[in-house]
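The structure appears right after this line, and notes come after that.
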Amino acid sequence: MRLIFLGPPGAGKGTQAKRLTDKYGIPQLSTGDMLRAAVNDGSEIGKRAKEVMDAGGLVSDDIVNQIVSERIEQPDCEKGFILDGYPRTVPQAKVLGENLRAKNLVLDAVIELKVDEEALVRRIENRVAETVAAGGTVRSDDNPESFRKRLSEYREKTAPLSKHYEEQGELVVLDGMAHVDQVTTAIEAVLEKAPGAEASVAR
Ligand code: ADP
């Protein structure tokens, strides 16, 4: 099962991806998490990415393409993977498409979670409040200014991906405003019809 989640920051991609990893026994590949790990490790990539990420901008296509293409070679991706936060630009989608073709792999589904912007702002505020209440560290880009920038980057660079995948007949749009369990049920219904469903359900 190879799956892409599309949707603006706060749409619930990460939450849904985590739920599916257990059911299908495949990893969630969040480029945001991978980049944050690189920042924490103080690696060269992390140093280059930190400033852009904190400001809510997009890290260069070359960096993320490289990270993902190495990651999907790992043995735990053999049965598939869930891409969360990648691709985020049309050039990234093209590189991913070429990579998959070269490896003889197909995508089973591209799922977009649709949500309205006001809800997104509230969700991010809640995420910050919950993190603080739990004694955790708030992401350095979860502040109003960076969030606005992340939304505008989404509109300008990531939203055009819907059309890209729609033209390829791969896009499914689901209501991300529904209750989190209902969203999971809707996703599972889509995946049951996907070509890779049989082979990859964890038994
Ligand atoms: P969110 O979905 O909440 O905006 P992510 O954790 O997916 O957050 O990403 C955080 C940041 O990491 C982005 O704002 C961007 O700077 C960087 N990033 C993540 N994925 C990509 C990508 N595919 N291309 C470019 N930058 C990325």
Side-chain angles (χ1 to χ4, degrees), residues 2-18 21 26-78 80-100 102-103 105 110 113 117 120-121 123-161 164:
R2 283 171 215 91
L3 180 63
I4 292 177
F5 272 121
L6 293 179
K13 304 182 296 288
T15 305
Q16 296 299 335
K18 278 192 192 83
T21 56
I26 52 177
Q28 168 199 16
L29 309 185
S30 156
T31 41
D33 286 349
M34 292 183 222
L35 288 166
R36 280 186 287 277
V39 171
N40 287 337
D41 292 348
S43 70
E44 220 20 72
I45 284 181
K47 282 183 200 146
R48 279 160 63 192
K50 182 171 173 31
E51 211 173 307
V52 181
M53 290 172 75
D54 282 352
L58 290 186
V59 174
S60 81
D61 289 343
D62 287 347
I63 290 183
V64 284
N65 284 334
Q66 174 81 23
I67 291 180
V68 174
S69 103
E70 283 171 15
R71 182 66 187 85
I72 62 179
E73 294 275 331
Q74 299 300 309
D76 64 332
C77 291
E78 226 161 74
F81 44 78
I82 304 166
L83 288 169
D84 161 15
Y86 178 93
R88 235 179 176 94
T89 64
V90 173
Q92 288 179 19
K94 289 191 173 151
V95 169
L96 174 67
E98 284 158 20
N99 261 338
L100 294 177
K103 296 184 209 308
L105 301 174
V110 179
L113 300 178
E117 282 199 10
L120 293 178
V121 177
R123 283 184 186 187
I124 295 294
E125 283 167 358
N126 287 342
R127 181 156 91 188
V128 170
E130 279 165 18
T131 306
V132 171
T137 311
V138 174
R139 267 170 55 173
S140 49
D141 61 348
D142 269 350
N143 58 72
E145 201 184 322
S146 299
F147 188 68
R148 262 196 303 276
K149 173 75 175 164
R150 276 151 65 202
L151 270 184
S152 76
E153 290 282 70
Y154 174 79
R155 272 186 232 113
E156 191 186 322
K157 297 175 184 156
T158 311
L161 281 184
H164 173 85

Quick one: does [X]'s side chain get under 4.5 Å of [Y]'s, heavy atoms only?
X: I45; Y: V59; answer: no
X: P27; Y: T21; answer: no
X: D54; Y: S146; answer: no
X: I4; Y: L161; answer: no
X: I67; Y: L35; answer: yes

Minimum heavy-atom separation for [X] to [Y], with atom names?
X: T131; Y: T137; value: CG2-O, 3.5 Å
X: S69; Y: N99; value: CB-ND2, 3.2 Å
X: A93; Y: P87; value: N-CB, 3.5 Å
X: E70; Y: Q74; value: O-NE2, 3.5 Å

### Message
Restricting to salt bridge (charged side-chain N to carboxylate O under 4.0 Å, His left out), what partner residues turn up for D62, sequence neighbours left out?
### Response
none

If you round to the nearest 0.5 Å, how far is [atom2] of [Y] from [atom1] of [X]?
X: L29; Y: F81; atom1: CG; atom2: CZ; value: 6.5 Å
X: Q92; Y: D61; atom1: CD; atom2: CG; value: 4.5 Å
X: K18; Y: D84; atom1: NZ; atom2: CG; value: 7.0 Å
X: I72; Y: Y86; atom1: CD1; atom2: OH; value: 7.5 Å
X: R71; Y: E73; atom1: CZ; atom2: CD; value: 11.0 Å
X: E117; Y: R155; atom1: CD; atom2: CZ; value: 4.0 Å

### Query
So, the side chain of K13 versus the backbone of G85: is there a donor-acceptor pair under 3.5 Å, distance only?
no

### Task
For the pair Q28 (side chain) and A17 (backbone), establish whether a donor and an acceptor sit closer than 3.5 Å, ignoring hydrogens and angles.
no

### Task
Run the salt-bridge test on R150 and D142 with the 4.0 Å N-O cut-off and return the result as yes or no.
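Here R150 pairs with D142 in a salt bridge, since their nearest N and O are under 4.0 Å apart.
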
### Message
Looking at K50 and D141, is any side-chain nitrogen of the basic one under 4.0 Å from a carboxylate oxygen of the acidic one?
### Response
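Salt bridge flag = no for K50 with D141.
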
### Query
Which residue pairs satisfy the side-chain hydrogen bond (donor to acceptor under 3.5 Å, both in side chains) criterion with at least one member in residues 37-49, sequence neighbours excluded?
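Of all non-adjacent pairs touching residues 37-49, none passes side-chain hydrogen bond (donor to acceptor under 3.5 Å, both in side chains).
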
### Query
Is there any salt bridge (Lys or Arg N to Asp or Glu O under 4.0 Å) pair reaching into residues 85-99, and which pairs are they, with sequence neighbours excluded?
none

### Query
Is the CD atom of E51 crowded by more than 12 outside heavy atoms at less than 6.0 Å?
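Atom CD in E51 is not crowded, with 12 or fewer foreign heavy atoms closer than 6.0 Å.
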
